[in-house]
Amino acid sequence: MCSRTSPRSRTGRPRSAAADAAILEATRAALVDLGWSKLTMGDVAGRAGVAKTTLYRRWASKNELVVDAVAVLFDELELPDRGSLAADIEGVVHQFAALLERPETKTALMAVVAESTRDEPLRERIRTSIVDRQKRLVLEGRRRAQARGELPADMGSTAGTDDLIFDVIAGAVVHRALVSAEPVDAAWVQRFTALLLGGLGAAAQT
């Protein structure tokens, strides 16, 4: 799991990890209860038991706060070694789907994505705080598969291959779980993994 970086470097009193965690948890709870439009920094401060100035010392805006509240949830995703590339992919897809089933993840993610369609700085923060950080899973999976001999050792991240793999996995699972509202069950995950591995095999031969 990668650690969450501080939104801004500051001098003065050190930040409290416990206070940060309480604030981010309160943010997710407020989103579920109130929705994006009614969520305020004051409401989050009250739920977290901190002063509103404490929030503004850490996050300049509601947008920054909500993205970080979502990002720490995705940092929970891991890629345990299950013995094969197929099993590793199936494992992380199941984890991802379970994460999206949680009300706080679903509400927060859909809220920030919707808002980002008209807010370029927010879109960039989503990219750097969530998307770019989670690409570590693809890099780890590729390196592990190469060590097992499942992928060619010289198959690197050329032409954005790792980015494309991430987009395919994340896009398919988010669409299935949140847009189509269909179950991400074992049968679907197996079919999806087989399709993805077929594409990886074809890419390795080019």
Side-chain angles (χ1 to χ4, degrees), residues 1-8 10 15-78 92-135 137 166-185 188-189:
M1 183 185 302
C2 61
S3 59
R4 189 179 72 83
T5 56
S6 166
R8 286 176 281 177
R10 298 179 181 276
R15 289 179 58 157
S16 164
D20 281 2
I23 291 166
L24 297 177
E25 183 177 355
T27 302
R28 294 188 294 269
L31 271 171
V32 173
D33 292 345
L34 303 174
W36 176 278
S37 62
K38 295 182 180 179
L39 177 72
T40 67
M41 298 288 266
D43 182 81
V44 172
R47 289 170 183 254
V50 300
K52 189 160 65 172
T53 53
T54 300
L55 265 66
Y56 282 109
R57 282 198 299 268
R58 290 161 162 77
W59 294 275
S61 68
K62 180 174 78 171
N63 289 357
E64 291 186 5
L65 174 60
V66 173
V67 171
D68 281 5
V70 178
V72 296
L73 295 177
F74 284 94
D75 285 344
E76 296 176 10
L77 294 174
E78 297 178 344
V92 78
V93 168
H94 279 297
Q95 280 187 61
F96 187 23
L99 182 62
L100 293 177
E101 287 180 358
R102 290 162 55 176
E104 64 270 28
T105 311
K106 183 185 305 184
T107 303
L109 180 62
M110 295 185 78
V112 295
V113 169
E115 190 66 19
S116 72
T117 61
R118 51 185 177 269
D119 187 333
E120 179 57 34
L122 176 59
R123 188 179 305 131
E124 178 60 26
R125 191 172 182 87
I126 292 171
R127 185 180 301 115
T128 57
S129 298
I130 301 176
V131 176
D132 289 347
R133 282 187 358 208
Q134 298 316 313
K135 287 178 182 177
L137 299 169
F166 178 86
D167 290 344
V168 169
I169 295 174
V173 178
V174 169
H175 189 279
R176 177 81 177 179
L178 300 185
V179 180
S180 298
E182 296 287 344
V184 183
D185 54 23
W188 184 88
V189 172

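Starting from 1, each residue takes its place in the sequence as its number. Below, each value reflects all heavy atoms present in this structure, side chains not excepted, and no hydrogens, waters or symmetry copies. Quick caveat, the model's predicted, so the values are computed rather than measured.
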*Under the 3.5 angstrom rule, does the side chain of Gln95 hit a backbone N or O of Glu78 as a donor-acceptor pair?*
yes
*Is there a side-chain contact between Lys106 and Leu178 (heavy atoms, below 4.5 Å)?*
yes
*Quick one: do Leu77 and Phe74 satisfy side-chain contact (heavy atoms from CB on, under 4.5 Å)? Show the steps, please.*
CA-CA 6 Å; Leu77 294 174; Phe74 284 94; 4.0 Å; yes
*So, does Arg28 use its side chain to make a donor-acceptor pair with the main chain of Ala69 at under 3.5 Å?*
yes
*asked:* Check this for me: does any side-chain nitrogen of one of Arg123 and Asp119 sit under 4.0 Å from a carboxylate oxygen of the other?
replied: no
*Any donor-acceptor N/O pair, Arg133 side chain to Thr128 backbone, under 3.5 Å*: no
*Under the 3.5 angstrom rule, does the side chain of Thr105 hit a backbone N or O of Leu99 as a donor-acceptor pair?*
yes
*asked:* Return the CZ to CD distance between Arg47 and Glu25, rounded to the nearest 0.5 Å.
replied: 11.0 Å
*Measure the spacing between NZ of Lys135 and CD1 of Ile130 and express it to the nearest 0.5 Å.*
13.0 Å
*Side chain of Lys62, backbone of Trp36: donor and acceptor closer than 3.5 Å?*
yes
*Mind checking the CG-CG spacing from Leu39 to Leu34? Nearest 0.5 Å is all I need.*
6.5 Å
_Contact check, side chains of Thr53 and Tyr56, non-hydrogen atoms, under 4.5 Å_ = no
*Between Val93 and Ile169, what is the shortest heavy-atom contact and its length?*
CG2-CG2, 4.2 Å
*For the student: nearest non-hydrogen atoms of Ala48 and Ala22, plus distance*: CB-O, 3.9 Å
*Calculate, to the nearest 0.5 Å, the distance between atoms CG and CG belonging to Leu31 and Leu65 respectively.*
8.5 Å
*With the side chain counted from C-beta on, respond yes when Trp59 and Ile23 share a heavy-atom pair under 4.5 Å apart, and no when they do not.*
yes
*Enter the distance from Asp20:CG to Arg58:CZ here, rounded to the nearest 0.5 Å.*
5.0 Å
*Charged N to carboxylate O below 4.0 Å: is that the case for Arg125 and Asp68?*
yes
*Please report the closest heavy-atom contact between Leu109 and Val70, naming both atoms and the distance.*
N-CG2, 4.2 Å
*Arg102 side, atom CZ; Thr107 side, atom OG1 - distance, nearest 0.5 Å*: 12.0 Å
